[in-house]
Structures are given as structure tokens and as C-alpha cells.
Amino acid sequence: MRMAPDWPPSIPKMAGMTPSAFDIHGQPAAERVAPDGARVTAALHGGHVLSWRTADGVERLYLSSMAVFDGQAAIRGGVPVCFPQFNQRGPLPKHGLVRHLPWQLAAEDVPADALVLTRRDDDATRALWPAGFALRLSAQLAPQRLRIALEVRNTGDAPWSFTMALHTYLRVDDVTQARLEGLQGAARWDAVRDRRFPEDAPALRFGEEFDSVFSAPGAPLTLVQPRGQLTIAQSESCTETVVWNPGPQLAASLPDLPDDGWRQMLCVEAAHIDTPVTLAPGERWEAWQELRVAPA
Ligand code: TA6
């Protein structure tokens, strides 16, 4: 099995309500610690939330032990921000531009319980996509809860369109023992088999490659595991939910995922894919996903 020898990285514990800046594997990172001890950590590369630990110390997000921290590659795990393109549905690199680029840590207008990262267009983005934009990613802590919000603004002088996803990797004890409830009745595109059908299962189960785009459910989803439940809600502005697990075969071919890494992760993504959002100059749009640990 392929495993990084120095994992997990030692993240300094710096409690306080000011975001702490440090680095993880040589990459700049920041952390917010809430009064109850919950903490959220993000890498500036990609504006990428890496970790959410609830007050009980339990890690709720999956981060691959083989994730590449070279300031170039997208990081495997956490919450990649896919913008302005989801997957390969367009001419841009897979999942867009910003997961490969450095963001900034915001210091102003930041709520006391949030970590906020920002990204604007620059020569690197305009070389591939001529849009003037500003992104603001907020990861906000509340007891047993994390809300990740992405604000998109058109700062240019022409309209442009985008698709997006908050590509959240949830940590699970064993995905084959987990089930995801709440998508029954949703329109589903099964990308593995290229089939479209209404989902009829009351709960999704995992074990083989699973890659599907669902029309957004009207109510939050529930991830059920033997150890407890997680509720996953998303803003109405997200018109789709994506569920992805590579399964054993695809996992073995991904160089930045341990062979058995697929067992510890499940991506449940708040997305806007099928009909792109168009923003006129000066317009803004917001999406969020909220994760809540259900009481035992
Ligand atoms: O959101 C699901 C998906 O689009 C899958 O098709 C799979 O490719 C996954 O994202 C991960 O993509 P990545 O480029 O990060 O390997």
C-alpha cells in the first residue's frame, strides 16, 4: 500500500479567535479555532478547506495521506473549489481554474467564527478565461456544524457564465458500511454507466465506483454510519448534488490516493452544473453547503 511516511502532518494547536497562519507540508495554511475547541483548517493553495474537527476532536473531512502539496496540483481531499467549470464540461482544465492557484487569507470583514479566503482574476486565470471575478470562500464554525459558502462576483465589464461545485470529501469509517439517504425521487445521471433515470432507492450504498449527478433534493441528506449521522444541506442556488466514490479499481489508478483510501471517503458535493449561472457586471451569486453532526 502506498502511504506517505509523515502523515498526519503536525498542525500546531493555536487556540484563539484570530485565524492562525502556518504551513502544512511547506504550503501556507490557516486555521480557526472556535471557543468549544472545534477547528477548521485550510490551505491557501486552491482556497482549500483541509480539515474540520468537531469539539470532540473527531475529524469529519477526508484528506488523502498521499495528497500532493506542491503548490501546483489540486489537493486530494478536503473541499476543492471547482470553478468556473465542473469536471470536463467545457474547454477549461478539469474542475476549472482556482483549485490549482494560490488564494489569500482575508483579514477584514471576517466573522469571529470563520476562516475566509479570497481569489480574484489575474494573468494566470485570464490566460485561460477572460473574466473579471472575485471569489470569497468562507468556512464558518458553529457547534457541531460547518458551513462552507462561496460568493462569486463579476468584477469585469462583460457578462460571463460558470458552473461550480464544493467538492466535499467526507471522512467515513468504512464506506461499505455507510448509506446516504435523501435522494430518492431525484433525477440522476449515472456517469459511470452514462444512464439517466429517477433515483428509486431510499438510500445509496457504496462499494464499487460511484459517480452520479442528482437534481438537488428539497431537504438535507443524511449520511448514516454505525458511529452516527451527518446532515448535509445546500443552498437553493445549488441545483445539483454530486456523489462520488472511486471504488477500489479507480482508487488504485489515482496516484494521490492510497489503494484503500476509497473506503474512508465519500464526496457529497453542492453543485451548479446543468444550466450555467450567468452574472452581469457587478452581480454576485452565493452557494453554501452545511454539514451538521446529528446528536447521538
Ligand atoms: O465530482 C466527481 C468527479 O467529477 C468525478 O468524475 C471524479 O473525476 C472526481 O470528480 C475527482 O476528480 P479529480 O480531477 O479531482 O480527480
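First listed ligand is number 1; within each ligand, the first listed atom is number 1. These numbers come from the heavy atoms of this one structure, side chains and all, not from hydrogens, waters or symmetry mates.
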Check your understanding: Are Leu135 and Trp103 side-chain neighbours, meaning at least one heavy-atom pair lies under 4.5 Å?
Key -> yes
Centroid separation Phe162 to Trp285 less than 6.0 Å: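 Close enough - the centres of the two rings lie under 6.0 Å apart.
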| query | Is the distance between the ring centroids of Phe83 and Trp129 less than 6.0 Å? | reply | yes
How close does the nearest protein non-hydrogen atom get to [atom], and which residue and atom is it?
{"atom": "atom 7 (C) of ligand 1", "result": "Trp244 CE2, 3.4 Å"}
{"atom": "atom 4 (O) of ligand 1", "result": "Asn87 ND2, 2.7 Å"}
{"atom": "atom 15 (O) of ligand 1", "result": "Arg99 NH1, 2.9 Å"}
{"atom": "atom 6 (O) of ligand 1", "result": "Asp211 OD2, 2.5 Å"}

Counting each atom of ligand 1 from 1 as listed, which ones have a heavy atom of [X] under 4.0 Å away?
{"X": "Glu269", "answer": "1 (O), 2 (C)"}
{"X": "Phe86", "answer": "1 (O), 4 (O)"}
{"X": "Arg76", "answer": "11 (C), 13 (P), 15 (O), 16 (O)"}

Quiz item: Given Asp56 and Arg60, is the salt bridge (charged side-chain N to carboxylate O under 4.0 Å, His left out) satisfied, shown in steps?
Solution: CA-CA 11 Å; Asp56 53 10; Arg60 306 286 171 176; 3.1 Å; yes
Exercise. What about His95: any of its N or O atoms under 3.5 Å from an N or O on ligand 1?
Worked result: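 Yes; the residue has a nitrogen or oxygen that sits under 3.5 Å from a nitrogen or oxygen of the ligand.
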Gln85 and its side chain to side chain contact (heavy atoms under 4.5 Å, CB included) partner, picked from Pro276, Ser161, Pro91, Pro93: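 One option only clears the test, and that one is Pro91.
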Discussion item. Do Glu286 and Ser235 pair up side chain to side chain, a donor and an acceptor below 3.5 Å, judged on atom types alone?
Written reply: no
* To do: State plainly whether one hydrophobic cluster holds both Leu97 and Leu166, where clusters connect Ile, Leu, Val, Met, Phe, Trp and Tyr through side-chain heavy atoms under 4.5 angstrom apart.
  => yes
Q: For atom 8 (O) of ligand 1, state which one of His167, Lys94, Glu209 supplies the nearest heavy atom.
A: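 Ranked by closest heavy atom to atom 8 (O) of ligand 1, first place is Lys94.
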